[in-house]
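Throughout, a chain's letter reflects where its sequence line sits, starting with A, and its residues are numbered from 1.
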Protein chains: 4
Amino acid sequence: MGKKSEEKYDKILHASIKVFSEKGYQNTSITDIVKNAGIAQGTFYLYFPSKSALIPAIADHLLTITFEKIKERVSEQDSFWNILKQIISITFESNETYKDIVVLCYSGLAIEHSMEKWEMIYQPYYQWFEDRITQAILKKEIIQAIDVKLTTKMIINLIENTAERYFIGNENDALEAEYQEEIFNFVKRSLSTI
Amino acid sequence: MGKKSEEKYDKILHASIKVFSEKGYQNTSITDIVKNAGIAQGTFYLYFPSKSALIPAIADHLLTITFEKIKERVSEQDSFWNILKQIISITFESNETYKDIVVLCYSGLAIEHSMEKWEMIYQPYYQWFEDRITQAILKKEIIQAIDVKLTTKMIINLIENTAERYFIGNENDALEAEYQEEIFNFVKRSLSTI
Amino acid sequence: MGKKSEEKYDKILHASIKVFSEKGYQNTSITDIVKNAGIAQGTFYLYFPSKSALIPAIADHLLTITFEKIKERVSEQDSFWNILKQIISITFESNETYKDIVVLCYSGLAIEHSMEKWEMIYQPYYQWFEDRITQAILKKEIIQAIDVKLTTKMIINLIENTAERYFIGNENDALEAEYQEEIFNFVKRSLSTI
Amino acid sequence: MGKKSEEKYDKILHASIKVFSEKGYQNTSITDIVKNAGIAQGTFYLYFPSKSALIPAIADHLLTITFEKIKERVSEQDSFWNILKQIISITFESNETYKDIVVLCYSGLAIEHSMEKWEMIYQPYYQWFEDRITQAILKKEIIQAIDVKLTTKMIINLIENTAERYFIGNENDALEAEYQEEIFNFVKRSLSTI
DNA sequence: TATGAATGAGACTTCATTCAT
DNA sequence: AATGAATGAAGTCTCATTCAT
């Protein structure tokens, strides 16, 4: 597998993101990717066993970026509602940048019958958000009569799916703020102690 | 396309659902489908222009079944909260029956860059649910400070995504009721006027 | 496998014999064969699952030709020593015509770990020769203190291997008669009752 | 080639025998061999110009072992019939140990159109056996009306081919002695002066 | 309308070989 | 002498699609 150079691995990863975004997963051949990456055909197989192995790698890459950004911009001391606002905002940002590839990752994993991989990749993010919820419960910011794990997944899905739909639907830019607010309010009304 | 023979069309549709469920979309060839349908290779093209054209047809078929069931079991006079409960329950039922194919439809459409088709197929269902929400607002069952269209999509997505996750994650059967209840409560707390 | 046309099957078989003879098994690509056969690349796979599946088909074809010739030229009433002489002569003839391909068949089967197939193909020929030996024992032409099955295989191998060696070694044509006689005498001295 | 390091050469040779035996010639890549030998990819080419160059090296190695064993166990003073018995016995031993690789060597050479190499490798063995036959003629142990060179090859082939067939056919162990005896008697009846 | 043999482009993948270290 | 990452040509095989029957 990963023989030596981190550089080549990254080249392939970024080339694949680029080409997938442009042509879609199905219409992209490995030849397209290697040409774009500026490497030889065979080199691809030193780093990835197949085209489909790119999907989890890309998914991991994208989520890592998003998650890093969240951890950067959010202090664990912040109020839960501030944290939520940030997450919504950053999720929209990431989805804008990677709008084509995001659906593709989800689909790619789904299509290969490997939703478990998806869950694995999301695990650290889920864990972190569960911790935020638990903390918020302790701080009486949100009600306690909820299943933390399930609520975590529901909220994250709600945000991501809406963001996805927003950018893919090519809806009017002006509405972005309202979309974000609608999600925020939906969740807040449901969970707030006040 | 031209409905030459409803019978053959259905044969192809059901064969494709069966084979996609077993082998996944990518690994299924048209040859697999026609063998399973018991028709000739060329006959396929009299009913569908390509493999990918099956996806919206399947999606339409599945949603129609689910939507029919909902309309059967729900009276428009019912309280909104009863309707919601039914929808959640039926969505879980459908997802159990078609668990493999549901993700695949979503993915299939996503992967072909045709989320618009998805929205089109869902349009009647969305419209019906919007009407239920509007009615509920008028009946003061739910608060009025919401974007009806967006809330509709958020709720339906919330239910479908959780159901999907539930059956794909092969989680403990005992939890199904709790999952359904958690979704219901999440939405009720957010929208109820009480 | 063999869908329809005997014609296409034969085209492939003869093209493969021709090309294998010229370039050897390893250096022959399926592309070479289909070009020579005048058919499309994909058509090959309607008749044979892979390149290596050609080998037993060729072997069968060649042995069938040889065996037919033997049965044509030999009457079961002939003396065993006449029959043997004919077999030697015909084996040399066949080996001359198909000298390159004969080794290749043997090798091809060997290399694929499928000597059993070889035995299966030879089975009718072995059986026929066993019957001739048994008959010769009854007619007291040859001694009876032998294992008929094993002796059959030893004799046939002796003839084929020597013929093979003769033509591949490119030895002087003049010697062919002497080679044949040497084999004949070797066997006759060993088995004759006289 | 240049014997840079006898040790590495042997490592490659033995690794190739092992891997060829397990996977067959075709399915073995040089990568398989170097991994098994515990050397680097490039190192292979310091000792062998190509994969096919391994075949004659292996053949040479195997025949050398067998021939050494024969010369060890046989005194040139022994009666021809004793020598023959030993050769048969040792050939069966060698074939048992190297059953997979033996056919492969023969095939490998055949397939590369280089039967001459085979003859070259066998030359010393043939020569030695010719000498034994000539001596036996002089000692009146065997008849003189034979072509010594041709008879040598026929006998050796007879033994090797039967042994090969015996071990590849997975025949009942109990029969090994009878097989050996059948060959011995076949030859003895043919050549003995008595 | 239905058939299914034939097509042929092109995808994936392997692997012998090179060469800078 | 030894290494092993990189190469890229070439091969196998699949499969959507066509078309004569």
Side-chain angles (χ1 to χ4, degrees), chain A residues 1-5 7-9 11 26-35 37-52, chain B residues 2-5 7-9 11 26-35 37-53, chain C residues 2-5 7-9 11 26-35 37-53, chain D residues 2-5 7-9 11 26-35 37-53:
Chain A
M1 297 304 115
K3 287 285 152 55
K4 212 170 73 183
S5 111
E7 178 217 350
K8 288 260 181 342
Y9 181 92
K11 267 188 184 169
Q26 311 250 27
N27 304 319
T28 298
S29 67
I30 289 177
T31 303
D32 292 330
I33 295 170
V34 298
K35 268 184 192 153
I39 58 164
Q41 190 83 3
T43 306
F44 179 88
Y45 292 91
L46 296 176
Y47 294 91
F48 295 93
S50 68
K51 187 170 76 160
S52 64
Chain B
K3 292 282 149 54
K4 283 113 196 180
S5 144
E7 180 217 350
K8 287 251 177 0
Y9 181 91
K11 266 189 184 170
Q26 312 250 28
N27 304 319
T28 297
S29 67
I30 290 182
T31 303
D32 294 329
I33 294 169
V34 297
K35 267 185 194 153
I39 58 164
Q41 193 82 2
T43 306
F44 179 89
Y45 291 90
L46 299 173
Y47 295 89
F48 294 92
S50 68
K51 184 170 79 163
S52 61
Chain C
K3 289 283 153 56
K4 210 171 78 185
S5 112
E7 178 217 351
K8 287 260 181 342
Y9 181 92
K11 265 189 184 168
Q26 311 250 28
N27 304 320
T28 298
S29 68
I30 290 177
T31 304
D32 293 330
I33 295 169
V34 297
K35 268 184 192 155
I39 58 164
Q41 191 83 5
T43 306
F44 178 89
Y45 293 92
L46 295 176
Y47 295 91
F48 295 93
S50 67
K51 186 170 78 161
S52 63
Chain D
K3 292 282 147 56
K4 284 114 197 182
S5 143
E7 180 217 348
K8 287 254 176 0
Y9 181 91
K11 266 189 183 168
Q26 312 249 30
N27 303 321
T28 298
S29 67
I30 290 182
T31 303
D32 293 329
I33 294 169
V34 297
K35 265 184 195 154
I39 59 164
Q41 193 82 0
T43 306
F44 179 90
Y45 291 89
L46 299 173
Y47 295 90
F48 294 92
S50 69
K51 183 169 80 162
S52 62

Strictly under 3.5 Å: I want the nitrogen or oxygen pairs between protein and nucleotides 18-21 of chain E, one per line.
none

Spacing of D:D32 atom CG relative to E:dA16 atom P, expressed in whole Å
9 Å
To the nearest 0.5 Å, tell me how far D:Q26 CD sits from C:S52 OG.
8.0 Å
Whole angstrom value for the distance that separates C1' of F:dA6 from NZ of A:K11:
12 Å
When C:T43 and A:S29 are each assigned the nearest nucleotide of DNA chain E, the 5'-most assignment goes to C:T43
5' priority, DNA chain F, between B:T31 and A:I39 [closest heavy atom]
A:I39
What is the distance from CD1 of B:I33 to C1' of E:dG4, rounded to the nearest Å?
17 Å
For the pair made of CG in A:N27 and P in E:dG10, what is the distance, rounded to whole Å?
13 Å
Does D:I33 reach the side chain of D:T28, with side-chain heavy atoms less than 4.5 Å apart?
yes
Using a cut-off of strictly less than 4.0 Å, decide whether C:K8 has a side-chain nitrogen or oxygen near OP1 or OP2 of E:dA5.
no
Nucleotide-level pairing of DNA chain F, given in dot-bracket where Watson-Crick and G-U pairs need both distances under 3.5 Å and | marks other strands:
.||||||||||||||||||||
Rounded to the nearest angstrom, tell me the gap between atom CZ in A:F44 and atom P in E:dA11.
14 Å
Rounded to whole Å, CD of B:Q26 lies from C1' of E:dA11 at a distance of 13 Å
May I have the distance from A:I30 (atom CD1) to E:dT13 (atom P), rounded to whole angstrom?
5 Å
Between E:dA2, F:dA1, E:dA5, spot the one nearest the side chain of B:L46, thanks.
E:dA2
Out of curiosity, D:I39 CD1 to D:T43 OG1, how far, rounded to the nearest 0.5 Å?
5.0 Å
Is any side-chain nitrogen or oxygen of D:Y47 closer than 4.0 Å to OP1 or OP2 of F:dA1?
no
How close or far is atom C1' of F:dG11 from atom NZ of C:K51, stated in whole angstroms?
9 Å
